[in-house]
Amino acid sequence: METSDPELKKELDATLHARRELGADYDTALVESFLEKVEQRLDGTVDRRVRRQLAEQQLVVARGSRPPRTDSSFGERFGFGIVTLIVAIPLSAIGAAQAQLSGLLVTWLGIVGVNVVHAAREGGLFRHSRKKSAGSDWED
């Protein structure tokens, strides 16, 4: 058995050795004991990974930068665009009915404005690229 955890390999060897000595009557208890140790090891590994990810996220927030974008942000932006277009139909009708062409223009300026603000908030429209100075990589 190839394993990267020498302690777990020792536990498995001890469990197999105990099975040979105790016989098949204790199989269930031995397997449950070994699986409990594996579960504890996995829980510890998962806890360390979660703590590391939380620390990385806190570091990103503390630095004032945004976390890396996920693929779900495209779906969110696309959905927002579709919703604003659907809402635009009755708003256009109301604006045109109340104030003719000027009402229609104000309505569409508002719709475009909402989409621009949403895109800017998500970082999809205005990306500020700072040029790094020739000095140190540690400087912001």
Side-chain angles (χ1 to χ4, degrees):
M1 174 179 174
E2 187 70 29
T3 180
S4 62
D5 190 352
E7 272 187 55
L8 198 56
K9 183 168 178 20
K10 287 179 186 177
E11 292 290 337
L12 179 61
D13 290 341
T15 302
L16 292 174
H17 182 70
R19 187 205 182 271
R20 278 187 232 118
E21 288 183 6
L22 297 173
D25 295 338
Y26 293 95
D27 279 354
T28 303
L30 291 170
V31 168
E32 286 177 359
S33 172
F34 178 72
L35 289 178
E36 186 176 312
K37 292 174 185 174
V38 169
E39 184 178 354
Q40 289 172 353
R41 187 70 49 127
L42 286 174
D43 286 344
T45 302
V46 168
D47 286 343
R48 282 191 304 275
R49 287 182 183 172
V50 167
R51 277 187 265 131
R52 183 175 47 230
Q53 287 178 345
L54 286 174
E56 288 172 359
Q57 288 176 352
Q58 289 173 349
L59 184 63
V60 166
V61 169
R63 288 184 176 170
S65 60
R66 290 180 170 228
R69 300 189 73 182
T70 61
D71 293 335
S72 65
S73 65
F74 172 76
E76 180 183 336
R77 289 181 302 174
F78 184 73
F80 187 79
I82 294 296
V83 168
T84 55
L85 286 176
I86 291 171
V87 171
I89 295 168
L91 289 178
S92 297
I94 293 169
Q98 295 297 320
Q100 288 80 28
L101 182 60
S102 62
L104 185 63
L105 289 175
V106 168
T107 301
W108 275 97
L109 285 174
I111 292 167
V112 170
V114 166
N115 280 288
V116 167
V117 168
H118 183 265
R121 182 182 61 94
E122 292 294 319
L125 185 63
F126 305 113
R127 295 201 185 249
H128 300 289
S129 60
R130 289 190 250 171
K131 294 182 179 178
K132 289 194 175 188
S133 62
S136 172
D137 286 339
W138 294 97
E139 297 174 357
D140 277 336

Trainee: Kindly compute the distance separating OG1 (Thr15) from NZ (Lys37), expressed to the nearest 0.5 Å.
Mentor: 5.5 Å
Trainee: For the CD atom of Glu32 and the CG atom of Asp27, what is their distance to the nearest 0.5 Å?
Mentor: 11.0 Å
Trainee: With side chains defined as the heavy atoms from C-beta onward, is the minimum distance between Val60 and Glu56 less than 4.5 Å?
Mentor: no
Trainee: Would you say Tyr26 and Leu35 are hydrophobically clustered, going by side-chain heavy atoms of ILVMFWY under 4.5 Å?
Mentor: no
Trainee: How long is the span from the CZ atom in Arg49 to the CG atom in Leu54, to the nearest 0.5 Å?
Mentor: 14.5 Å
Trainee: With a 4.0 Å cut-off on N to O distance, would you call Arg41 and Glu11 a salt bridge?
Mentor: no
Trainee: At what distance, to the nearest 0.5 angstrom, does CG of Leu30 lie from CG of Asp25?
Mentor: 10.5 Å
Trainee: Hey, what do you get for CG (Leu104) to CD1 (Ile94), rounding to the nearest 0.5 Å?
Mentor: 12.0 Å
Trainee: What's the separation between atom CG in Leu105 and atom OG1 in Thr107, rounded to the nearest 0.5 Å?
Mentor: 8.5 Å
Trainee: Kindly work out whether a path of hydrophobic side-chain contacts (I/L/V/M/F/W/Y, heavy atoms less than 4.5 Å apart) joins Leu42 to Phe34.
Mentor: yes
Trainee: Look at the side-chain heavy atoms of Ile, Leu, Val, Met, Phe, Trp and Tyr, link any pair under 4.5 Å apart, and say whether Val112 and Val114 land in one connected group.
Mentor: no
Trainee: Do Ile82 and Ile111 sit in the same hydrophobic cluster, where Ile, Leu, Val, Met, Phe, Trp and Tyr count as joined when their side-chain heavy atoms come under 4.5 Å apart?
Mentor: no
Trainee: I want to check something: taking the side chain as every heavy atom from C-beta on, are Glu36 and Gln40 in contact at a cut-off of under 4.5 Å?
Mentor: yes
Trainee: Indicate, with yes or no, if Leu85 and Val87 share a hydrophobic cluster defined by side-chain heavy-atom contacts under 4.5 Å among Ile, Leu, Val, Met, Phe, Trp and Tyr.
Mentor: no
Trainee: Taking the side chain as everything from C-beta on, heavy atoms only, tell me whether Val61 gets closer than 4.5 Å to Gln57.
Mentor: no
